[in-house]
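Just so you know, ligand 1 is whichever comes first in the structure, and atom 1 is the first atom listed for that ligand.
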Amino acid sequence: MRIDIVGAGSLGKLFAARLAASGTEVRLWCRTREQSDTLNRDGLLLYEPGRPEPVRPENGRLQAYPIEEFAARLSGGSPDWILLAVKQNVLHRDLAEPLSQLRGNGVRVVCLQNGGGHLAMLRERLPDARLYAAVTTEGATGRSLREVTHAGKGETWIGEYDGGSGADHSEDAIPLQKVLEAAGFTTGLSNEVDTLIYRKMLVNAVINPLTAIWRVRNGELLDSEARLDAMRLLCDESVRILASCGIDAGNDAWERIVAVCRSTSDNTSSMLADVLAGRETEVRWINGHLAALAESSGTEAPLNRMATRLVEGMIAKER
Ligand code: KPL
């Protein structure tokens, strides 16, 4: 099997390293030529907790390329699977166009993005693609262009996005599931992946903007009544929005958010990391997406709209 992993951030590197080390042919698409050159010259290293030696894929199993060559190289034949491990903004800005060249060849794409909006966008551009969404709780921290630490073992759930078509080709993902399992990832197939995506979105909609606004680590959100109260308000509004669209956030939404704060207490959330680096954040596809859902169902979303604007405004100021 050949898998193209698009995005060589921490999650992309984690999947690439484990898959290539277990015998899958991997092409890893990097944001810069500097990164692809470094990876091809010096190799990718994955540090696993408790293991003195890093995992290092064998020569030839992993080839890195700069993303600017993506469209050109796709014409040489598409891979069995494309795993999109880029952030929402990169997907919408840099990849929508090159990916639309795959129109007509029934390609299989797995999306690992947080938030929403991307699957509908891809469905429009790739009407005949098999689109799958994946939700993962694997934790990875980048150390350098070619090094990544597996920060926390998690689970990955994959399911087909039907985009309203009602088709179900989930079982087509069984070979991918096997390859991921062989690479050491606990992987399941789900026909309720939409629900999993929305539940993850809810967690991100509360933790990410608040950590970015207060510049605190995830665990520090639990440190004061004021922070907890703001979290509860954002959680309640988001659960209401999802319910207004017929999406069940589960009875334990609040408990799940608190549990994630605890289990990732030392983490800098991805949104805070983006704000600190002066990069565009994913707030538009998380809280902004919830606000858009609210609008479509005639519900109010003042807190999600405010969270979106506050985080977007921070970046505008810091640039
Ligand atoms: O997914 C995350 C993120 O930072 O984007 C959480 C779960 C909040 C962990 O940091």
Side-chain angles (χ1 to χ4, degrees), residues 7 9-15 49 83-92 111-118 133-143 148-158 185-186 193 195-223 227-228 230-232 234-235 238-239 242 249-250 252-290 304 307-308 310-312 314-315:
S10 39
L11 217 46
K13 287 199 289 261
L14 169 67
F15 278 96
L83 194 63
L84 293 177
V86 288
K87 294 242 175 97
Q88 289 269 7
N89 47 345
V90 178
L91 177 57
H92 286 259
C111 299
L112 270 165
Q113 286 63 39
N114 281 335
H118 54 301
V135 176
T136 188
T137 50
E138 294 290 349
T141 316
R143 288 162 70 138
V148 61
T149 300
H150 194 182
K153 169 118 192 71
E155 287 177 5
T156 302
W157 287 91
I158 299 173
F185 296 108
T186 304
V193 77
T195 307
L196 298 180
I197 289 177
Y198 284 117
R199 289 185 181 183
K200 176 131 196 250
M201 192 187 301
L202 177 68
V203 170
N204 291 123
V206 175
I207 298 180
N208 293 26
L210 295 180
T211 49
I213 292 163
W214 289 317
R215 304 196 172 211
V216 294
R217 289 178 190 269
N218 297 354
E220 290 174 286
L221 286 179
L222 309 178
D223 279 358
R227 288 178 187 165
L228 282 164
M231 286 172 72
R232 266 190 220 104
L234 201 44
C235 172
S238 305
V239 169
L242 292 178
D252 58 347
W254 171 250
E255 287 75 16
R256 279 186 280 120
I257 293 167
V258 170
V260 172
C261 285
R262 294 216 168 96
S263 64
T264 63
S265 60
D266 275 343
N267 272 32
T268 298
S269 76
S270 55
M271 202 170 282
L272 174 56
D274 285 339
V275 165
L276 293 175
R279 287 189 299 254
E280 188 187 355
T281 71
E282 292 187 297
V283 73
R284 185 172 144 198
W285 292 282
I286 299 174
N287 302 87
H289 188 73
L290 284 168
N304 277 285
T308 308
L310 283 175
V311 175
E312 284 178 343
M314 286 162 75
I315 291 297

| To the nearest 0.1 Å, how far is atom 2 (C) of ligand 1 from its closest protein heavy atom, and which atom is that? | N204 ND2, 3.3 Å
| field | Closest approach of any protein heavy atom to atom 3 (C) of ligand 1, naming residue and atom | value |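 Nearest neighbour among protein heavy atoms for atom 3 (C) of ligand 1, to 0.1 Å: S270 OG, 3.3 Å.
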| field | For V260, the ligand 1 atoms whose distance to one of its heavy atoms is below 4.0 Å | value | 7 (C)
| request: Check ligand 1 against S269 and write out every atom of the ligand that is under 4.0 Å from a heavy-atom position of the residue. | output: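 Those qualifying, in numeric order: 4 (O), 10 (O).
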| query | L222 versus R227: any side-chain heavy-atom pair under 4.5 Å? | reply |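 Of all side-chain heavy-atom pairs linking R227 with L222, none is under 4.5 Å.
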| field | Heavy-atom closest contact (L234 atom, A205 atom, distance) | value | CD2-O, 3.3 Å
| query | Closest heavy-atom contact between L11 and A140? | reply | N-CB, 4.2 Å
Could you tell me whether some N/O pair between [X] and ligand 1 is separated by less than 3.5 angstrom?
X    : answer
N208 : yes
T268 : no
N218 : yes
K200 : no

| said: Is it the case that the side chains of N218 and T264 hold a donor-acceptor pair, with the cut-off being a distance below 3.5 Å and no angle test? | reply: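 Indeed, the side chains of T264 and N218 share at least one donor-acceptor pair under 3.5 Å.
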| Residues that H150 engages under ring-ring contact (aromatic ring centres under 6.0 Å, His included), provided they are two or more places apart |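 By the ring-ring contact (aromatic ring centres under 6.0 Å, His included) rule, H150 matches no residue at all.
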List the atom pairs, donor and acceptor, that lie under 3.5 Å between side-chain atoms in residues 255-262 and the rest of the protein, sequence neighbours left out.
residue: R256; atom: NE; partner: D252; partner atom: OD1; Å: 3.1
residue: R256; atom: NH2; partner: A249; partner atom: O; Å: 2.2

